[in-house]
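I have placed the structure first, in the form of structure tokens, so that the comments after it can refer back to it.
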Amino acid sequence: MKNQEIANIFYQIAIYLEMDNISFKPQAYEKAAFALESLSEDVKDIFQREAEEGLKKIPGVGENIAKKIIEYLKTGKIKEYEKYYHKMPVNIGELIQVEGIGPKMIKALYKNLKITNLEDLEKAAQQGKLRKLPNFGEKTEKNILESIAFLKRSRGRFLLSEALFLAEDIILQLKKIKEIDKISVAGSLRRMKETIGDIDLLATIKNGAKEDAKKVMDVFVNLDGIIKVWDYGLTKSSVRFDKKIDADLRVVDDDEFGSALQYFTGSKDHNIKTRKLAMEKNLKLNEYGVFKGKKLTAGKTEEEVYQAIGLPYMEPELREDRGEIEAALEEKLPKIIGYDEIKGDLHCHSDWDGGENSIEEMAKAAQLLGYEYLGISDHTKFLRIENGLDEKQLLEQHKAIEKLNSRIQHTGYRIQILHGCEANILNDGSLDIDDKVLAQLDYVIAGIHSSMKMTREEMTQRMIKAMQNPYVKIISHPTGRLINRRDEYQLDIEKIIETARETSTALEINSFPSRLDLNDKNIRKAVEKGVKLVINTDAHHRDHLQFMRFGIAQARRGWATKNDIINAWPIDKLLKFFHKI
DNA sequence: GCCGTTTTCGGCCCGACTGTTTTCAGTCG
């Protein structure tokens with residue numbers, strides 16, 4: 001799929017344009033890039049089917065950008081970009097990741113110090129060269145070094161979504177081979193960890209024949225997007241994809257698929273415990289099976305492997321040695337929420353606040369996902385750039401949603417649209433929308449979108465005050481972290497959880513791939529305190545509704561059950577929760 | 001460069017915050 005590659009080039013063109021103070025064009029390129037990466041269909045397919053006209057239907061794509069997409073599809077290059085890159089050969093993708101660095105700084109760094117990548121930048125900062133540049137100073141230099149250190153800590157880890165989308169694509173390709181019998185992801189990806197080091201895949205061959213394994217491996221090492229083959233063998237091959245994600249494929253015997261899957265899924269600590277448990281029963285557990293002496297007693301499925309050592313089957317998300325084995329032995333393992341148990345998404349943006357789709361389009365997409373309800377929660381007025389709604393617009397939107405609800409029911413759609421908003425928590429903990437208006441909505445989400453560098457005490461008080469507002473039912477992305485990019489706010493999460501319990505406020509598990517906030521550990525803390533949670537996507541496009549599974553995965557990793565998640569509840573129970581003032 | 005219930009040109013892109021400065025440049029959401 002070329003969408004992301006083209007989007008990345010457009011993002012870079014936007015930055016080059018911004019360096020030259022060109023107005024409006026950068027936003028146009030950014031908008032097109034955003035639309036491209038949100039697209040679920042391959043632009044190549046759209047172009048083949050509907051030519052340039054089809055491309056121009058993508059929001060933000062007009063005549064010029066459509067031509068550039070076509071140019072890339074045909075030649076693998078975009079001349080406009082090549083021209084800029086020739087003039088300033090800088091690794092923009094790398095430098096822009098540094099918090100506090102934007103187009104103007106990249107330009108100044110290149111012009112004055114010939115800095116082209118992260119390594120150059122770090123060296124120059126360490127040598128105190130940055131502070132001498134105009135508009136730079138000691139503090140900027142220090143911030144840049146801190147930000148680079150943060151990036152380095154997270155280097156080599158990929159977002160769960162990136163790894164999963166690639167893995168699913170690989171599996172789709174491999175499943176076309178008729179000799180393949182079973183295939184599954186393993187490793188941290190199967191455990192749905194928030195970041196992934198590499199992709200592990202496990203497969204079996206129908207008749208176990210060596211020449212068939214070779215066929216499979218041949219397809220694997222020649223997949224689209226591979227830039228390096230590390231290993232090529234009949235039982236294991238290893239490759240690197242263009243985003244520098246590595247993937248391993250192992251072929252195992254059908255009899256050992258379960259034990260191999262269990263072994264390669266990990267986690268390592270979980271496996272150490274399961275092996276100990278096996279030893280206590282005079283058994284031996286390894287990747288080839290469960291053995292009594294030399295006799296194989298289990299191995300074909302994970303279920304029989306766990307059963308053989310006296311455990312129930314464990315969902316991969318639980319296998320972190322965080323007490324799951326002990327809980328299982330005491331039959332106290334919770335029934336964690338299923339991927340199909342969410343009944344609605346309560347944090348979605350519409351085109352009222354600059355999102356891509358109308359409320360109706362969002363509702364129809366939600367209906368297709370089988371949801372009972374969809375909550376529209378646009379930004380409010382403090383966020384001017386996001387077209388935040390003011391009191392008057394919120395009331396207008398309320399009427400529009402009432403109308404749409406009654407119209408939709410006559411057209412065979414069963415989905416019910418709820419009206420909320422994502423109000424801004426201002427520095428003093430008050431909200432940017434009048435309580436009288438908030439009172440008229442079905443629910444209110446409150447979130448922090450500004451002044452993220454307060455002290456721990458100030459930030460905690462700020463959020464506590466917002467939760468004490470009787471209309472606030474949900475706190476969005478409670479810790480504010482962006483994976484691999486920005487740390488959490490300074491925040492006393494225990495106090496926040498405590499206040500959430502006292503005020504019956506639900507804490508969000510934001511499913512947006514770069515957020516996953518709350519994270520699994522904080523989810524577990526909240527669940528233990530009996531605090532209610534809500535899994536939302538923060539969709540700004542109808543395709544983003546699909547991100548739900550990433551949030552569900554984190555909820556599962558945090559041992560949350562259906563009862564803990566308010567949007568796994570039927571609508572009557574949900575509305576009762578919202579109206580509990 | 002895109003877009004159109006202001007429709008083929010003229011809008012679009014604001015305000016807080018930080019760090020640099022002494023009136024402002026750049027980043028972020």
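Sequence lines set the chain letters: A, B, ... in the order given, protein chains first and strands last, and positions in each chain run from 1. What's counted below: heavy atoms across the whole structure, side chains too, no hydrogens, waters or symmetry copies.
Comparing A:Arg486 and A:Thr140 against DNA chain B, the residue whose closest nucleotide sits nearer the 5' end is A:Thr140.
Using atom P as the reference point in both B:dC12 and B:dC17, the two lie 25 Å apart (nearest Å). Comparing the same atom, P, in B:dT18 and in B:dT23 gives a spacing of 22 Å after rounding to whole Å. Separating the P atom of B:dC13 from that of B:dG4 is a span of 14 Å, rounded to the nearest Å. Comparing B:dT6 with B:dG11, their C1' atoms sit 10 Å apart, to the nearest whole Å. Between B:dC9 and B:dG15, the distance separating the two C1' atoms is 29 Å to the nearest Å. When the P atom is compared between B:dT27 and B:dT20, the two are found 13 Å apart, to the nearest whole Å. Atom name C1', nucleotides B:dT8 and B:dA16: the rounded distance is 37 Å, in whole Å. To the nearest whole angstrom, the two P atoms, one in B:dT22 and one in B:dG29, are 28 Å apart.
Salt bridge absent: A:Glu508 and A:Arg515 never bring a charged side-chain N and a carboxylate O closer than 4.0 Å. Salt bridge present: A:Glu498 and A:Arg501 bring a charged side-chain N and a carboxylate O closer than 4.0 Å. Look at A:Glu396 and A:Lys392 and you find a salt bridge, because one of the NZ, NE, NH1 or NH2 atoms lies within 4.0 Å of a carboxylate O, short of that distance. With salt bridges taken as basic N to acidic carboxylate O contacts below 4.0 Å, none links A:Glu458 and A:Arg462. Between A:Glu146 and A:Lys142 there is a salt bridge, since at least one side-chain N of the basic residue sits less than 4.0 Å from a carboxylate O of the acidic one. Contact check on A:Glu494 versus A:Lys525 returns a salt bridge, with a Lys/Arg side-chain nitrogen under 4.0 Å from an Asp/Glu carboxylate oxygen. Salt-bridge annotation for A:Glu194 and A:Arg157: absent, with no side-chain N of the basic residue lying under 4.0 Å from a carboxylate O of the acidic one.
A heavy atom lying under 4.0 Å from DNA chain B marks the following residues of residues 19-26 of chain A, by number: A:Ser23, A:Phe24, A:Lys25. Of the residues in residues 443-465 of chain A, those lying under 4.0 Å from DNA chain B by heavy-atom distance are A:His449, A:Ser451, A:Met452. Remark: A:Ile101, A:Gly102, A:Pro103, A:Lys104, A:Met105 in residues 101-120 of chain A come within less than 4.0 Å of DNA chain B through at least one heavy atom. Using a 4.0 Å cut-off on heavy atoms, the residues of residues 54-70 of chain A that approach DNA chain B are A:Pro59, A:Gly60, A:Val61, A:Gly62, A:Glu63, A:Asn64, A:Ile65, A:Lys68, listed by number.
Relative orientation of the A:His379 and A:His449 rings is perpendicular, given thresholds of 30° and 60° on the angle between their planes. Relative orientation of the A:Phe165 and A:Phe547 rings is tilted, given thresholds of 30° and 60° on the angle between their planes. Ring-plane geometry between A:His347 and A:His477 is classed as tilted, the angle between the planes lying from 30 to 60 degrees on a 0 to 90 degree scale.
Residue pairs that meet the salt bridge (Lys or Arg N to Asp or Glu O under 4.0 Å) test with at least one member in residues 103-128 of chain A, sequence neighbours left out, are A:Asp20-A:Lys107, A:Glu122-A:Lys152.
First and last contacts of DNA chain B with chain A, using any nucleotide atom under 4.0 Å from a protein heavy atom and ordered 5' to 3', fall at B:dG1 to B:dG29.
The residue A:Asn424 sits apart from the nucleic acid: no heavy atom pair falls under 4.0 Å.
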